[in-house]
Amino acid sequence: MALTRPVRTRTQYANQGLDRSSTEPLDLITKVVGIYSTAPTSHLALIARLDGYQPSHLDKLLFEDRSLVRMGAMRGSGYLVPTKLVPTIVRATEGRRARVFTDLVGKLMDRTTYDRLATKIEKLLAGREMTTAEIRKEMKDKTFDKHLRYVVQLMTSECRLVTTRTSGTWRSNLTYNALWSDWLPKVDPWKAKPDKAKADLAKLYFAAHGPATADDFAWWSGLRKDAAAGIERAQIPELGDGYFGPIDPARPAKGVRLLPIWDSAFLTHKDRSHVVGDEWKRHVYDASGNPTSVVMVNGMAAGQWDLTIQKSHHRVKVAPFKSFSEPTWKAVEKEVERLGLALDVPDIEVRRVKKAPSIADAEWNRFMSPLKDL
């Protein structure tokens, strides 16, 4: 099978779970290996891919079942990681984790000071959960009070702490922390062998994001020079033109999907022509490379959308890159109904915006609300 752009589009569509063939949240998250843990992206990405999904399903996996964790993973970004994959992710990306100390804390304090503060936090958290604000309130050592969040973040990266439940609504990112040894006592994050972990990570990546290049994998994983060795060790099939990964005769990518900011479909490749036409890149990505909320039609970016939830009024604004046909608008409205059911937000108004704006030169963080004031 020739590796044409349509083949890449439909293969990615299936690999990313956008064909809605998965039925369980944990299976989907394991398959995609790329759902960001930040709310509301985590929930909106799952709603787009899973029939019947509700935010309580994710809470159950994280809190009750503990079959899923939020953790810094590839390139230090926060991901939803199945507990069974933790050793693979941790050992494969430990080179990046070694650099996190310098990035986060090394410019603020030396290692001895960090270890002293981390030990105090571990004693404080023994047997309970606390937010970072609660930790700050109870810490008697105020010397590095303003740097506490960096210490907590680094401890999480080192698997000394784990992020547990979220306080507030499905849009909240106010989380609690617990000791890894208390929360997941049977999970040894460091038990995998590094070389095997890198090969296993390559298998996961190309199953979820292939066809892709070695450069794509190196960027996504943060493995840099080790990426090619991981691909070779994993025996990922080569497809020609520098691409690797299995190709299945996937069905054509059909339908409308409302994908959130930072969705993995728009983040995991250097060449993104299979999901974004060249003429629309400035409408999808801001100057820093952050993808906005995208209306995907038949596997390709076709517009922007914006969700506003207020006590008295709920609204989704939708702006096409080119004009939508009436059947496409009907499909958009059906997706908004799906969104409302999942979030228990009834009667969401769909407002049609004439044309999607470019966000490449827009103000800072405009990608988070591309249709603001329109």
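Numbering starts at 1 and runs along the sequence shown.
Within 6.0 Å of CZ in Arg251 there are 12 or fewer heavy atoms belonging to other residues, nucleotides or ligands. For Glu238, the CD atom is densely surrounded, since the number of other residues' heavy atoms within 6.0 Å is greater than 12. Counting heavy atoms of neighbouring residues, nucleotides and ligands inside a 6.0 Å radius, atom CG of Asp344 does not exceed 12 of them. More than 12 heavy atoms of other residues, nucleotides or ligands sit less than 6.0 Å from atom CZ of Phe321. Atom CZ of Arg224 has 12 or fewer heavy atoms from other residues, nucleotides or ligands within 6.0 Å. Counted within 6.0 Å of CZ on Arg149, heavy atoms from surrounding residues, nucleotides or ligands total 12 or fewer; the atom is thus considered open.
Hydrophobic clustering (side-chain heavy atoms under 4.5 Å, transitive across Ile, Leu, Val, Met, Phe, Trp, Tyr) groups Ile47 together with Val350. Under the 4.5 Å side-chain heavy-atom criterion for Ile, Leu, Val, Met, Phe, Trp and Tyr, Ile261 and Trp220 are members of the same hydrophobic cluster. Follow the hydrophobic side-chain contacts under 4.5 Å out from Val332 and you reach Leu307 in the same cluster.
Shown here are the side chain to side chain donor-acceptor pair (under 3.5 Å) partners of Asp271, two or more places apart in sequence or in another chain: Arg8, Tyr243, Ser273. Applying the side-chain contact (heavy atoms from CB on, under 4.5 Å) rule to Lys355 yields no partners; only residues at least two apart in sequence or on another chain are considered. Partners of Leu374 according to the side-chain contact (heavy atoms from CB on, under 4.5 Å) rule, which considers only residues two or more places apart in sequence or in another chain, are Val353, Pro357, Arg366, Leu371. Applying the side-chain contact (heavy atoms from CB on, under 4.5 Å) criterion to Thr83, with sequence neighbours excluded, gives Val69, Leu184, Val187. Under the salt bridge (Lys or Arg N to Asp or Glu O under 4.0 Å) criterion, Lys120 pairs with Asp141, not counting sequence neighbours.
The pair Asp263-Arg49 meets the salt-bridge criterion, with a side-chain N (NZ, NE, NH1 or NH2) lying under 4.0 Å from an Asp/Glu carboxylate O. Ion pairing between a basic and an acidic side chain is recognised when a charged N comes within 4.0 Å of a carboxylate O; Glu24 and Lys60 show no such pairing. A salt bridge links Arg338 with Asp51: the distance from a Lys NZ or Arg NE/NH1/NH2 to an Asp or Glu carboxylate oxygen falls below 4.0 Å. A salt bridge links Glu333 with Arg352; the closest basic N to acidic carboxylate O contact falls under 4.0 Å. Ion pairing of Glu363 with Lys372 is present here, as a side-chain N (NZ or NE/NH1/NH2) and a carboxylate O approach within less than 4.0 Å. We find that Lys334 and Glu337 are not joined by a salt bridge, their nearest charged nitrogen and carboxylate oxygen being 4.0 Å or further apart. No salt bridge links Arg165 with Asp59; every basic N to acidic carboxylate O contact stays at or beyond 4.0 Å. With salt bridges taken as basic N to acidic carboxylate O contacts below 4.0 Å, one links Asp115 and Arg160.
Residues His209 and Gln16 bring a donor and an acceptor atom of their side chains to less than 3.5 Å of each other.
A side-chain donor-acceptor contact under 3.5 Å links Ser172 to the backbone of Ser167. Checked by atom type and distance alone, the side chain of Asn298 pairs as donor or acceptor with a backbone atom of Gly255 at under 3.5 Å. Checked by atom type and distance alone, the side chain of Thr164 pairs as donor or acceptor with a backbone atom of Tyr176 at under 3.5 Å. The backbone N or O of Trp183 sits less than 3.5 Å from a side-chain atom of Arg66, completing a donor-acceptor pair. With hydrogens and angles ignored, the 3.5 Å screen pairs a side-chain donor or acceptor of His314 with a backbone N or O of Gln310. Distance alone, capped at 3.5 Å, places no donor-acceptor pair between the Asn15 side chain and the Gln12 backbone. Listed for the Arg136 side chain is no donor-acceptor partner under 3.5 Å among the backbone atoms of Leu148. A donor-acceptor distance shorter than 3.5 angstrom exists from the side chain of Thr169 to the backbone of Arg171, with no hydrogens or angles considered.
Annotation: the span from Ile135 atom CD1 to Asp145 atom CG amounts to 11.5 Å, rounded to 0.5 Å. Here the CZ-CD distance, from Phe63 to Glu129, works out to 5.0 Å after rounding to the nearest 0.5 Å.
Between Phe217 and Tyr205, the ring planes lie tilted relative to each other; the angle falls in the 30° to 60° range.
Using a 4.5 Å heavy-atom cutoff, the side chains of Phe266 and Met296 are in contact. The shortest side-chain heavy-atom distance between Lys330 and Phe324 does not fall under the 4.5 Å cut-off. Tyr79 has its side chain out of reach of Ile89: every pair of non-hydrogen atoms, C-beta onward, lies at least 4.5 Å apart. Taking the side chain as every heavy atom from C-beta outward, Asp306 and Val316 never approach each other to under 4.5 Å. You'll find the side chain of Thr9 reaches within 4.5 Å of the side chain of Met300, heavy atoms only. Between Leu258 and Leu44 there is no side-chain heavy-atom pair separated by less than 4.5 Å. Contact annotation: the side chain of Ser264 approaches that of Val32 to within less than 4.5 Å [non-hydrogen atoms, C-beta and beyond].
Residue pairs meeting the ring pair (Phe, Tyr, Trp, His ring centres under 6.0 Å) criterion with at least one member in residues 353-373, sequence neighbours excluded: Trp262-Phe367.
A side chain to side chain contact (heavy atoms under 4.5 Å, CB included) with Val81 is found for one member of Met71, Met74, Arg70 and no other, namely Met71.
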Requested in this report: For the pair Thr166 and Asn173, evaluate side chain to side chain contact (heavy atoms under 4.5 Å, CB included) and give the outcome as yes or no after the intermediate values.
Outcome: CA-CA 6 Å; Thr166 300; Asn173 282 299; over 6 Å; no
Practice item. Please assess Leu50 against Ser22 for the test side chain to side chain contact (heavy atoms under 4.5 Å, CB included), listing each intermediate value before the final yes or no. Key: CA-CA 7 Å; Leu50 283 168; Ser22 297; 4.1 Å; yes
Start with the C-alpha gap between Ser21 and Asp19, add the side-chain angles, then the distance that decides, and say whether side chain to side chain donor-acceptor pair (under 3.5 Å) holds.
CA-CA 6 Å; Ser21 59; Asp19 59 355; 3.1 Å; yes
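Residues Cys159 and Trp180 approach most closely at O-CB, 3.1 Å, considering heavy atoms. When all heavy atoms are compared, the tightest approach of Trp190 to Arg91 is O-NH1, 2.7 Å.
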